[in-house]
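Report on the structure given below.
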Number of protein chains: 2
Amino acid sequence: MERQKIEVAWSGQSNCRKCGIRELVLFVDLKEEDFLHIHMPIHDMHYEKGSLIYPQGGESGAVFTIRSGVVKLVQYLPNGRHRIVRLLRQGDVAGLEALFGQAYEHTAIALQSVLTCRIPCEVVHRLNRETPRLLNPLMERWRRSLHRADEWLTTLSTGSARARVARLFLHLLDEGPHPTCHLFSREDVGAILGLTTETSSRVIAELKRGKALTELKTNLFRCDRERLEEISLD
Amino acid sequence: MERQKIEVAWSGQSNCRKCGIRELVLFVDLKEEDFLHIHMPIHDMHYEKGSLIYPQGGESGAVFTIRSGVVKLVQYLPNGRHRIVRLLRQGDVAGLEALFGQAYEHTAIALQSVLTCRIPCEVVHRLNRETPRLLNPLMERWRRSLHRADEWLTTLSTGSARARVARLFLHLLDEGPHPTCHLFSREDVGAILGLTTETSSRVIAELKRGKALTELKTNLFRCDRERLEEISLD
DNA sequence: CGTGTACTTGAATTACATCAAATGATGTGG
DNA sequence: CCACATCATTTGATGTAATTCAAGTACACG
């Protein structure tokens, strides 16, 4: 069982104009003049691995642009079980539903050390009133989230445990000289795939024995893409 | 195996101003003057049960507002298996991704006799340029779809077969004097829940024996809400 | 270096899938 | 309107995959 940490740092107010990853975030299309309409502070937030960004059902007042790291969106069932419904990375936005004045639909937790910009909803609304340039990036985030949600269901929640695990690795692949993948806890793998922790562990162990995966160091794997693709068809 | 029918009728051009369900559809907020900007025909379409509305990967040129009936959105895996990722009903919009110039992400099929309005993307784009009043309904459709997608995963794709089937019935409940539910084929139930046709059939049969369900006539059930809620917690 | 947490592995059990056959519903043409 | 063809559903028997419960081991952290 994970314990939830509460390590949140507030690194100060952002300067969005000079943002190093602006081409990836919501404000990509804004012009110099548009920034004048931001009258509430946008904060850079730092979350330690395992810490809570916001809780499901929690009162919402802001959206969070992910600057680095990985965030899991968790949803709880009445019986206490839970599923991870999405992973968010650089350029994704967490808590979009806040813009509709709704409570957060998921619990958002940092899977690694995570940097975000906390953007008050009021800022988004105001910008939307003053300029049309925020709209496309915003719609694009909705589209992307929905696409991922459907993909998540069909690829990670369908078929045998072996196939699902293989698809998860393919999903997480970092391309490079050798395709690698850094994984998280077996419990989280289970919550992503709808399997138990033990089954996740067993299947991953089996893939290691079959050389489809090689564990370089703890939770860092070299992946044999072709073998994984075969297995993903089961 | 289902065969796909091709019964599509075209009932003529819509008069959106006089639409009987306008409070439910995309054009809810439009004013008289806005309709002048519609320079392409919006057609009323009629699809027989089982017929194809659009295919996954198909070239997209329009979105479809559902006026009545139920539509399933199906996604296929490389290995030939498939899952139903969403059901759409009155007021929902199918094929929103078309607005981004993308191929359709799902295959949309009528589960019952279905009426839609086929709205060319160009009409939506033009209206969006001319008036801000289409935007909220549009965003609301994105939000709703995403909400449903997440709900689908956590409630219909998690836990035992019994619990999933129970949750599906709760999901489909028509409130009324007695809560009833009209179901579709066991094959579709399987594709929604990630189970085989046989397992779906067996579980439904078991719920009937346990009096949680009573089959009034073929595929029309009276539901014991409380029993189903208990079972849904498994 | 010890302690707690996560991961692995084993054995028993259960739930679901698979294959096969029988029954039931629906529609068609004679 | 009946007989037959077709397709969906139910049910059974059997196999397999995944869960459960229970140790044991590795690993990270203070």
Side-chain angles (χ1 to χ4, degrees), chain A residues 1-5 7 48-50 79-83 109 111-113 156-166 168 182-210 213 215-221 231 233-234, chain B residues 1-5 7 48-50 79-83 109 111-113 156-166 168 182-210 213-221 231 234:
Chain A
M1 276 297 131
E2 296 179 88
R3 250 201 349 235
Q4 213 156 82
K5 298 175 192 166
E7 327 260 343
E48 286 305 317
K49 177 175 169 175
N79 62 14
R81 296 180 66 151
H82 70 282
R83 288 290 298 266
I109 293 176
L111 269 184
Q112 313 164 346
S113 182
L156 301 182
S157 218
T158 303
S160 69
R162 262 172 65 90
R164 292 187 202 183
V165 170
L168 177 60
H182 45 279
L183 203 62
F184 13 81
S185 78
R186 301 297 173 271
E187 192 185 348
D188 283 338
V189 172
I192 289 170
L193 302 176
L195 303 171
T196 59
T197 306
E198 294 94 325
T199 304
S200 305
S201 173
R202 264 185 256 271
V203 172
I204 292 171
E206 187 203 322
L207 294 182
K208 284 194 283 188
R209 283 192 294 273
L213 298 175
E215 192 158 14
L216 302 175
K217 59 172 194 169
T218 319
N219 278 344
L220 179 67
F221 294 86
I231 294 167
L233 296 178
D234 278 355
Chain B
M1 275 296 133
E2 297 178 86
R3 250 201 348 235
Q4 214 157 83
K5 297 176 193 165
E7 326 260 344
E48 285 305 316
K49 178 174 170 176
N79 62 13
R81 297 180 64 151
H82 71 282
R83 288 290 297 266
I109 293 176
L111 269 185
Q112 313 163 346
S113 181
L156 300 181
S157 219
T158 302
S160 69
R162 263 171 64 90
R164 291 187 203 182
V165 169
L168 177 60
H182 46 278
L183 204 63
F184 13 80
S185 78
R186 301 297 173 272
E187 191 185 349
D188 283 338
V189 171
I192 289 171
L193 302 176
L195 303 171
T196 58
T197 306
E198 294 94 326
T199 303
S200 306
S201 173
R202 265 186 254 272
V203 172
I204 292 170
E206 187 203 323
L207 294 182
K208 283 194 283 188
R209 283 191 294 274
L213 298 175
T214 318
E215 193 159 14
L216 302 175
K217 58 170 195 169
T218 319
N219 279 343
L220 179 67
F221 294 87
I231 294 166
D234 278 355

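- Rounded to whole Å, atom C1' of C/dG24 lies 13 Å from atom CG of B/N219.
- At a cut-off of 3.5 Å, with distance as the only test, no side-chain donor of A/R83 or B/S157 sits close to an acceptor on the other residue.
- For the pair A/H82 and A/A191, the tightest heavy-atom approach, listed with the atom from each and the gap, is NE2-CB, 3.7 Å.
- Rounded to a whole Å, the CG atom of B/L193 is 13 Å from the C1' atom of C/dC16.
- Residue B/R209 places at least one side-chain N or O under 4.0 Å from the OP1 or OP2 atom of D/dT11.
- Among the heavy atoms of the strands lying under 4.0 Å from A/K208 are primed sugar atoms or P, OP1, OP2 only; no base atom is included.
- The side chain to side chain donor-acceptor pair (under 3.5 Å) test with B/R186 singles out one residue from B/T199, B/N219, B/T196, and that residue is B/N219.
- If you take CD of B/E215 and P of D/dA8, they are 16 Å apart, rounded to a whole angstrom.
- Contact between the side-chain N/O atoms of A/S185 and the OP1/OP2 oxygens of C/dA6 is not found at any separation under 4.0 Å.
- The separation between A/D234 atom CG and C/dA17 atom C1' is 14 Å, rounded to whole Å.
- One finds the CD atom of A/E198 at 10.0 Å from the CD atom of A/E187 (value rounded to the nearest 0.5 Å).
- If you take CD of B/E206 and C1' of C/dT14, they are 14 Å apart, rounded to a whole angstrom.
- Following rounding to the nearest Å, B/E187 (CD) and D/dC7 (P) show an atom-to-atom distance of 13 Å.
- The structure places CZ of B/R209 at 12.0 Å from CD1 of B/I204, a figure rounded to the nearest 0.5 Å.
- Atom CD1 of B/I204 is separated from atom P of D/dT11 by 12 Å (rounded to the nearest Å).
- Note on the helix from C/dC1-D/dG30 to C/dG30-D/dC1: terminal axis deviation equals 40°, with five pairs used at each end and the result rounded to 10°.
- Residues A/L111 and A/D188 share a closest heavy-atom pair of CD2-OD2, 3.2 Å.
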For nucleotides 18-30 of chain D, give me one character per nucleotide, 5' to 3': B if any protein heavy atom sits under 4.0 Å from the base, S if the only such contacts are to the sugar-phosphate, - if neither. SBBB------S--
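- Atom CD of residue B/E206 and atom NZ of residue B/K208 lie 12.0 Å apart, to the nearest 0.5 angstrom.
- Note that the CG atom of A/L207 and the CD1 atom of A/I231 stand 5.0 Å from one another [nearest 0.5 Å].
- Residue A/L220 holds its CG atom at 11.0 Å from CG of A/L213, rounded to the nearest 0.5 Å.
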